**Q** 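Mind looking over this structure? Questions follow.
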Amino acid sequence: MASASEDATFLSRNAVDCLPAGALQDKLAAGRPLRVKLGLDPTAPDIHLGHVVVLQKLREFQDRGHLVVLIVGDYTARVGDPSGRSSTRPQLSGDDIDANARTYQEQAFTVLDPARVEVRRNSEWLDMSMEELFRLTRTATVAQILERDDFAKRYAAQTPISVLELLYPMLQAYDSVAIDADVELGGTDQKFNLLLGRDVQRAYGKPEQVVLTMPILPGVDGERKMSKSLGNHIGVAEPPQEMYGKTLSIPDAAMPQWYDLLLGEPMPSDLGPRDAKHALARRLVARFHGDAAAADAAAHFERVVIQKDVPEDIPVHALASNGAPVHLPAVIADAFGLSRSEARRLLGQGAVKLDGTPLGAGELDVPAERLDGAVLQVGKRRFCKLARG
RNA sequence: GGGGGGAUGUCCGAGUGGUUAAAGGAGACGGGCUGUAAACCCGUUGGCUAUGCCUACGCAGGUUCGAAUCCUGCUCCCCCCA
C-alpha cells in the first residue's frame with residue numbers, strides 16, 4: 001500500500017490549493033477512509049465538463065478507498081435564489097428538486113463510483129431552529145463574509161446583495177459540520193467558502209477539513225469559466241454530435257487546458273491543432289457515450305460541417321395537407337422554433353435552402369407539391385424533411 | 001429618519017421633447033473564408049395576417065401636434081449621513 005505521503009502527493013497533483021499545507025497527508029496517515037465532500041446545487045441539474053474536473057478528483061479519492069459525500073443543496077434551493085434585483089427565478093418545488101437531484105446523481109455517476117458515495121440532502125440539518133441558526137451565524141463576522149471576492153466586487157459595483165446571500169457561505173460551511181467532512185473539494189472560486197467551512201467546524205469543536213481546490217475549466221468560448229448560465233458549457237448528457245461539435249469550437253488556445261484537466265495528460269505534441277482537437281473531441285465523446293458513438297459523431301461532423309452534406313437522420317416536419325400554398329416563414333418558425341420575422345430575415349440572407357437550393361427573400365409562399373418530401377435547411381446545421389400530413 | 005443617485009432591448013450601456021425600433025459594445029444568428037461550430041471579414045439581431053400594422057425605454061396617470069426624454073403618484077435598487 002502506498003504511503004500517506006505518496007497518496008497526498010498524488011491526490012493533490014493538479015490541485016490549485018491543498019490547504020493547510022501538510023494537512024492532507026496527516027489525515028491520510030490516520031489510515032481510515034476519509035469523508036470527502038462535494039456540494040451540488042440542484043437548481044441547474046446538468047453536470048458539465050467543468051464539474052467533471054472536480055468529479056475526477058473525487059474519483060481518485062474513491063479509488064484509494066475513501067468515501068465521497070455528495071450533498072444535494074435541496075434546502076438552500078428551496079429558499080429560492082435571492083441574487084439579482086428583478087430576479088423572478090421561481091422557487092423550485094419539492095418535486096423539481098427531487099427530479100434534479102436524481103438527474104444530478106445519475107450524471108455524476110458517469111464519473112464517480114456509485115459504490116463509494118453517500119448522498120445527503122442538506123434539508124436534513126439546515127431545517128434548524130432559530131436558536132441553532134443564531135449559534136451558527138455567530139461564528140463569522142460580516143467583514144469576514146464581505147471579504148469574499150464576488151461579494152466585494154458586487155459591493156463595489158453597487159449591485160444588491162441580500163442578507164440571505166451573505167448567509168449562503170455559512171449554510172454551506174455548516175454542511176461540513178453536519179457530515180463531518182475530512183476534505184472538501186471545489187473549484188478555485190469556492191476557496192473562500194471551503195475555508196469558511198474550517199472556521200465553522202472549529203467553532204463547533206470538530207476537526208477541520210482539508211480544502212482542495214481544482215482549476216476552473218474554461219468554457220467553449222475559451223475565456224470565461226464553463227457555466228450553464230453563461231451558455232458556454234458542454235453537458236455530460238449532451239448528445240454525441242453536440243459534444244463533438246462544441247468541443248471542436250473551442251479556441252486552439254484552450255486545448256492544452258482541456259487536455260490537462262479533462263484527460264489528465266499533456267496535449268500531444270506530434271499532432272497539429274486540428275488533429276489534436278478532433279482527438280480531444282473523440283475521446284471526450286467516447287468517455288460519456290462509448291467508442292461507437294464517438295466514431296459516429298466524428299463521421300457526422302465530417303459529413304455535415306466539413307462536407308456540408310445533409311445528415312443521415314433528420315426529423316420530419318408535417319405540413320398541412322389541404323393543398324394550399326405553404327407560407328414558408330411559418331413552416332420555418334414551427335420547425336425550428338424561430339419567430340416568423342426571423343425566418344423572413346434568414347430567407348433574405350440566403351440561409352434557407354430547399355433540397356440544397358437557396359431560396360430568395362421573396363419566396364414566402366410555395367406550392368405544397370414543391371415542399372412535399374423536400375429537405376429544408378436553415379443555416380449550416382438545422383435540417384428537417386417536409387412531408388404532407 | 002434625512003440627503004443624493006438610479007431603473008433603457010438577451011446582457012452591458014449611450015441617449016434630457018421631433019427620421020429613435022432607440023448609438024456603441026458583448027452575445028447570438030446568417031454569409032464568405034478555413035483544418036473547425038476556431039480566427040478573420042461582411043451582414044442580421046422586437047413581433048405580425050408586412051411596401052403596412054402592433055408592441056417597447058420600472059409601473060400608473062398627465063402635459064404636448066409630438067415623450068425614453070417634461071410633470072405627478074407608485075414600486076424597486078444603490079450610496080452617504082443618523
Side-chain angles (χ1 to χ4, degrees), chain A residues 82-89 146 151-165 218-234 238-258 267-268 271-282 284-285 297-309 311 320 324-334 336-353 356-365 376-383:
Chain A
S83 67
R85 45 273 85 148
S86 56
S87 108
T88 45
R89 196 194 280 199
L146 280 178
F151 284 139
K153 278 188 186 132
R154 284 167 63 187
Y155 196 70
Q158 308 194 348
T159 48
I161 303 171
S162 75
V163 174
L164 186 56
E165 281 178 285
V220 294
D221 56 12
E223 290 180 2
R224 298 168 300 171
K225 73 166 187 173
M226 182 174 285
S227 120
K228 192 179 184 188
S229 56
L230 291 175
N232 62 359
H233 71 297
I234 299 180
E238 280 189 49
Q241 294 171 2
E242 285 295 306
M243 200 178 263
Y244 195 95
K246 281 185 175 180
T247 302
L248 278 194
S249 81
I250 70 172
D252 290 358
M255 265 201 285
Q257 280 170 285
W258 279 49
M267 186 169 114
L271 294 179
R274 179 196 54 177
D275 294 334
K277 203 178 286 183
H278 277 278
L280 172 66
R282 192 151 176 163
L284 288 175
V285 176
H300 176 266
F301 189 88
E302 169 71 23
R303 182 183 173 102
V304 177
V305 180
I306 299 177
Q307 304 300 330
K308 298 184 174 22
D309 211 340
V326 175
H327 192 56
L328 215 43
V331 173
I332 295 168
D334 287 351
F336 303 111
L338 309 171
S339 75
R340 296 185 182 193
S341 296
E342 188 169 8
R344 281 172 188 253
R345 276 185 232 117
L346 289 167
L347 273 166
Q349 292 178 64
V352 179
K353 292 181 189 161
T357 312
L359 295 172
E363 302 191 72
L364 299 178
D365 294 292
L376 180 68
Q377 175 181 3
V378 174
K380 294 189 176 82
R381 301 167 48 215
R382 285 175 286 201
F383 300 88

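As the structure is a computational prediction, the values presented were derived from the model and not from experiment. Numbers restart at 1 for each chain; the letters A, B, ... are given by sequence-line order, proteins then strands.
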**Q** Can you name the nearest heavy-atom pair linking A:Leu271 to A:Ala279, along with the distance?
**A** CD1-CB, 4.3 Å
**Q** Could you tell me whether A:Ser341 contacts a base, only the sugar-phosphate backbone, or nothing, with contacts defined as non-hydrogen atoms closer than 4.0 Å?
**A** base
**Q** Taking the P atom of each, how far is B:G58 from B:A7, in whole Å?
**A** 8 Å
**Q** Got a second to check how far A:Lys246's NZ is from A:Leu284's CG, nearest 0.5 Å?
**A** 13.0 Å
**Q** Ignoring hydrogens, what is the shortest heavy-atom contact between A:Ile234 and A:Trp258? Give both atom names and the distance.
**A** CD1-CH2, 3.7 Å
**Q** Quick check: do A:Leu328 and A:Leu364 have side-chain heavy atoms less than 4.5 Å from each other?
**A** no
**Q** What's A:Glu302 touching, base or sugar-phosphate or nothing? Going by heavy atoms closer than 4.0 Å.
**A** nothing
**Q** For nucleotides 25-29 of chain B, which of its nitrogen or oxygen atoms have a protein nitrogen or oxygen under 3.5 Å away, and what is each distance?
**A**
| residue | atom | partner | partner atom | Å |
| --- | --- | --- | --- | --- |
| B:C29 | O3' | A:Arg382 | NH2 | 3.2 |

**Q** Please state how far atom CD1 in A:Ile250 lies from atom P in B:G35, giving the value in whole angstrom units.
**A** 19 Å
**Q** Quote, to the nearest angstrom, the P distance that separates B:A14 from B:C65.
**A** 33 Å
**Q** What's the NZ-C1' distance between A:Lys277 and B:U34, to the nearest Å?
**A** 12 Å
**Q** So which nucleotide from B:A38, B:A50, B:U45 ends up closest to the side chain of A:Arg344?
**A** B:A50
**Q** Distance check, rounded to the nearest 0.5 Å: A:Glu342 atom CD versus A:Phe336 atom CZ?
**A** 12.0 Å
**Q** Quick check on RNA chain B: between A:Phe301 and A:Ala330, whose nearest nucleotide comes earlier from the 5' end?
**A** A:Phe301
**Q** Assign A:Leu364 to base, sugar-phosphate, or nothing according to its heavy-atom contacts below 4.0 angstrom with the strands shown.
**A** nothing
**Q** Nearest whole angstrom, please: distance from the P of B:U36 to the CZ of A:Arg303.
**A** 17 Å
**Q** Below 3.5 Å, does any donor atom in the side chain of A:Lys380 face an acceptor in the base of B:U34, or the other way round?
**A** no
**Q** I'd like to check A:Lys277 versus A:Asp252 (side-chain heavy atoms, cut-off strictly below 4.5 Å). Are they in contact?
**A** yes
**Q** Compare the minimum distances between each of B:U45, B:C33, B:G35 and the side chain of A:Arg274, then state the nucleotide with the smallest one.
**A** B:G35
**Q** Does OP1 or OP2 of B:G47 have a side-chain N or O of A:Ser339 closer than 4.0 Å?
**A** yes
**Q** Sticking with atom P, work out how far B:G61 lies from B:U10, rounded to a whole angstrom.
**A** 23 Å
**Q** What's the CZ-C1' distance between A:Arg345 and B:G30, to the nearest Å?
**A** 11 Å
**Q** Roughly how far, to the nearest 0.5 Å, is CD of A:Gln241 from CZ of A:Arg303?
**A** 11.0 Å
**Q** Could you give the NE2-to-P distance, from A:His278 to B:A38, as a whole number of Å?
**A** 12 Å
**Q** When rounded to the nearest Å, what value does the distance between C1' atoms of B:G6 and B:A68 take?
**A** 15 Å
**Q** With C1' as the reference atom in both, quote the distance from B:U8 to B:U55 in angstrom, rounded to an integer.
**A** 15 Å
**Q** Is there side-chain contact between A:Arg282 and A:Tyr244, with at least one heavy-atom pair below 4.5 Å?
**A** yes
**Q** Whole angstroms only, please: what is the CG-P distance between A:Leu328 and B:C48?
**A** 14 Å
**Q** When you get a sec, tell me which of B:G35, B:A38, B:A37 is the closest nucleotide to the side chain of A:Glu242?
**A** B:A37
**Q** Do any side-chain nitrogens or oxygens of A:Lys246 fall under 4.0 Å of OP1 or OP2 in B:U36?
**A** no
**Q** Say you draw a straight line from CG of A:Asp221 to NE2 of A:His233; how long is it, rounded to the nearest 0.5 Å?
**A** 12.5 Å
**Q** Specify the separation, in whole Å, of atom CG of A:Leu347 and atom P of B:U45.
**A** 15 Å
**Q** Report the residue (A:Gln241 or A:Gly350) whose heavy-atom-nearest nucleotide on RNA chain B is the more 5′ of the two.
**A** A:Gly350
**Q** Hey, is the main chain of A:Gly379 close enough, under 3.5 Å, to the side chain of A:Gln377 for a donor-acceptor pair?
**A** yes
**Q** Would you compute the distance between atom CZ of A:Arg344 and atom OG of A:Ser339 and round it to the nearest 0.5 angstrom?
**A** 10.0 Å
**Q** So which atom in A:Leu347 and which in A:Pro329 form the shortest heavy-atom distance, rounded to 0.1 Å?
**A** CD1-CG, 4.3 Å
**Q** Give me the distance, rounded to whole Å, that separates B:C48 from B:G62 when you measure between the P atoms they each carry.
**A** 31 Å
**Q** Round to the nearest Å and state the distance from A:Gln257 atom CD to B:A38 atom P.
**A** 19 Å
**Q** How many angstroms lie between CD in A:Glu242 and CZ in A:Arg381, if you round to the nearest 0.5 Å?
**A** 5.5 Å
**Q** Show me the dot-bracket string of RNA chain B, counting Watson-Crick or G-U pairs under 3.5 Å, with | for pairs to another strand and [ ] for crossing ones.
**A** ((((((((.[[[..)..(.....]]]((((((.......))))))(((...)))...[[[[[..)....]]]]]))))))).
**Q** If you measure from the P atom in B:G66 to the same atom in B:C77, how many Å do you get, rounded?
**A** 35 Å
**Q** On a whole-Å scale, what distance lies between the P atoms belonging to B:A21 and B:C54?
**A** 13 Å
**Q** Please report the shortest heavy-atom distance between A:Pro240 and A:Ala297, naming the atom on each side.
**A** O-CB, 3.7 Å
**Q** Between the protein and nucleotides 51-54 of chain B, list the N/O to N/O atom pairs that are separated by less than 3.5 angstrom.
**A**
none

